[in-house]
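First comes the structure, then the notes that go with it.
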Amino acid sequence: MSASQPLRYLLSNCVLPANEARILLAHLLEKHYQLPRSALLSRDDMMLNIAAQEEWQSLVSRRVNGEPIAYILGKKGFHNIELQVGPGVLIPRPETELLVDIALAEIANLNKPTKVLDLGTGSGAIALSIASASPLAAVIATDQSAEALAIAKQNAQTLNLMSQVEFRQGNWYEAIDPENQFDVIISNPPYIANQDPHLIQGDLRFEPESALTDFSSGLTCLEAIISDADKFLKPGGLIAVEHGFDQSEAVVDLMKIAGLIDIQVHLDLAGQNRTASGRKPQVLIA
Ligand code: GLN
């Protein structure tokens, strides 16, 4: 390795896009020197010690190989919380904050203790953001992956939300007793179709396949979740799911077939239909 160089040299000579280089170097400064991000500017003449220099090379080459920034840092901000993430869980996406906002609006509206079910919780992003933002929420979060549940539980502990969120292992409703009915069900299931070229591009190559694709049309998990919602929702209860940009009509149809009413589609920040919500009727129509 070449002789030590000041931070400003490391940044200006890095092969990565400038914003990514700054994120990785700020992470390193915090880890090795407990310095804030502002040190990138205020200490730009600083030289890294050998250990930090070696780590800098390794972080840069991991990123050059395509590893997502969130896995390299081991964390990702989502809604109002920060989550520990690793290759066992999907990296929480900004568009999924929509589901959190829909659930929080419903809880605010009900204005009483609210039972929430998060299906396929992954890192716990949705369940924990809701619990963190509303003391009225009592959440059950499920995932079929033991590895994901371990990360989600760790996040709940770090965020001090264990008393509000219960984790259960199982596929969709498998771990839930139908006697147990919820005010709100939310899910960001795997909805990418098995032959979608995105699966072999960018960050997605590093994420768990089972969190991204249903290995089929993209709609099978959404269908399983929507078609059984009626059994697990209280009368008048709300279900909201995230889906692919081109799945809105199909998901709305699934909700109609399931007998849900008050069906609404919600746009993500890019202006795409990204979630659909519906309600179980108060009185079942004969
Ligand atoms: N929104 C993710 C993506 O397209 C997919 C997440 C999912 O399948 N639930 O990158």
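Whatever order the structure lists them in is the order used to number ligands and atoms, beginning at 1. Nothing here was measured: the structure is a model prediction, and the numbers come from that model.
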**Which of the ligand 1 atoms, numbered from 1, are nearer than 4.0 Å to a heavy atom of Pro190** = 8 (O)

**Asked** Any idea which part of Thr213 is under 4.0 Å from ligand 1, heavy-atom wise: side chain, backbone, both or neither?
**Response** neither

**Request:** Provide the number and element of each atom of ligand 1 under 4.0 Å from a heavy atom of Ala211.
**Result:** 7 (C), 8 (O)

**Message:** I'd like to know if the side chain of Thr213 reaches the main chain of Glu209, judged simply by a donor and an acceptor atom lying under 3.5 Å from each other, with no hydrogens or angles considered.
**Reply:** no

**Request:** Provide the number and element of each atom of ligand 1 under 4.0 Å from a heavy atom of Pro189.
**Result:** 7 (C), 8 (O), 9 (N)

**Message:** For Gln247 and Tyr191, which I'm curious about, is there any donor-acceptor pair between the side chains at under 3.5 Å?
**Reply:** no

**Prompt:** Going by the atom numbers of ligand 1, which of them fall below 4.0 Å from some non-hydrogen atom of Glu95?
**Reply:** 1 (N)

**Request:** Might you point out which heavy atoms bring Trp172 and Leu119 nearest each other, and give the distance in Å?
**Result:** O-CD2, 3.4 Å

**Prompt:** Is it the side chain (CB and beyond), the backbone, both or neither of Glu242 that lies under 4.0 Å from ligand 1, heavy atoms counted?
**Reply:** side chain

**Message:** Any side-chain to backbone donor/acceptor pair from Ser217 onto Leu219? Under 3.5 Å, distance only.
**Reply:** yes

**Message:** Could you tell me, atom by atom, which parts of ligand 1 come under 4.0 Å of a heavy atom of Leu212?
**Reply:** 8 (O)

**atom 10 (O) of ligand 1: nearest protein contact (heavy atom, Å)** = Arg93 NH2, 2.9 Å

**Asked** Quick check: does Leu90 get an N/O under 3.5 Å from an N/O on ligand 1?
**Response** no

**Asked** Looking at CG of Leu149 and OG1 of Thr142, how far apart are the two atoms once the value is rounded to the nearest 0.5 Å?
**Response** 8.0 Å

**Between Ser277 and His266, a side-chain donor and acceptor under 3.5 Å** = yes

**Message:** I want to know if ligand 1 touches Arg274 in the polar sense, i.e. an N/O pair below 3.5 angstrom.
**Reply:** no

**Asked** Taking the side chain from Asn155 and the backbone from Gln84, do they hold a donor-acceptor pair closer than 3.5 Å?
**Response** yes

**Asked** What protein heavy atom sits nearest atom 1 (N) of ligand 1, and how far away is it?
**Response** Tyr191 OH, 2.8 Å

**Asked** Can a donor-acceptor pair be found between the side chains of Glu242 and Thr96 at a distance below 3.5 Å?
**Response** yes

**Prompt:** Nearest protein heavy-atom contact for atom 4 (O) of ligand 1: which residue, which atom, what distance?
**Reply:** Ile192 CD1, 3.9 Å

**Item:** Distance-only polar pair, side chains of Asn188 and His243, donor-acceptor under 3.5 Å
**Value:** no

**Request:** Run the numbers for me: atoms of ligand 1, each under 4.0 Å from some heavy atom of Leu204, listed by number.
**Result:** 10 (O)

**Request:** Find all atoms of ligand 1 within a distance of less than 4.0 Å from any non-hydrogen atom belonging to Asn188, and give their numbers and elements.
**Result:** 7 (C), 9 (N)

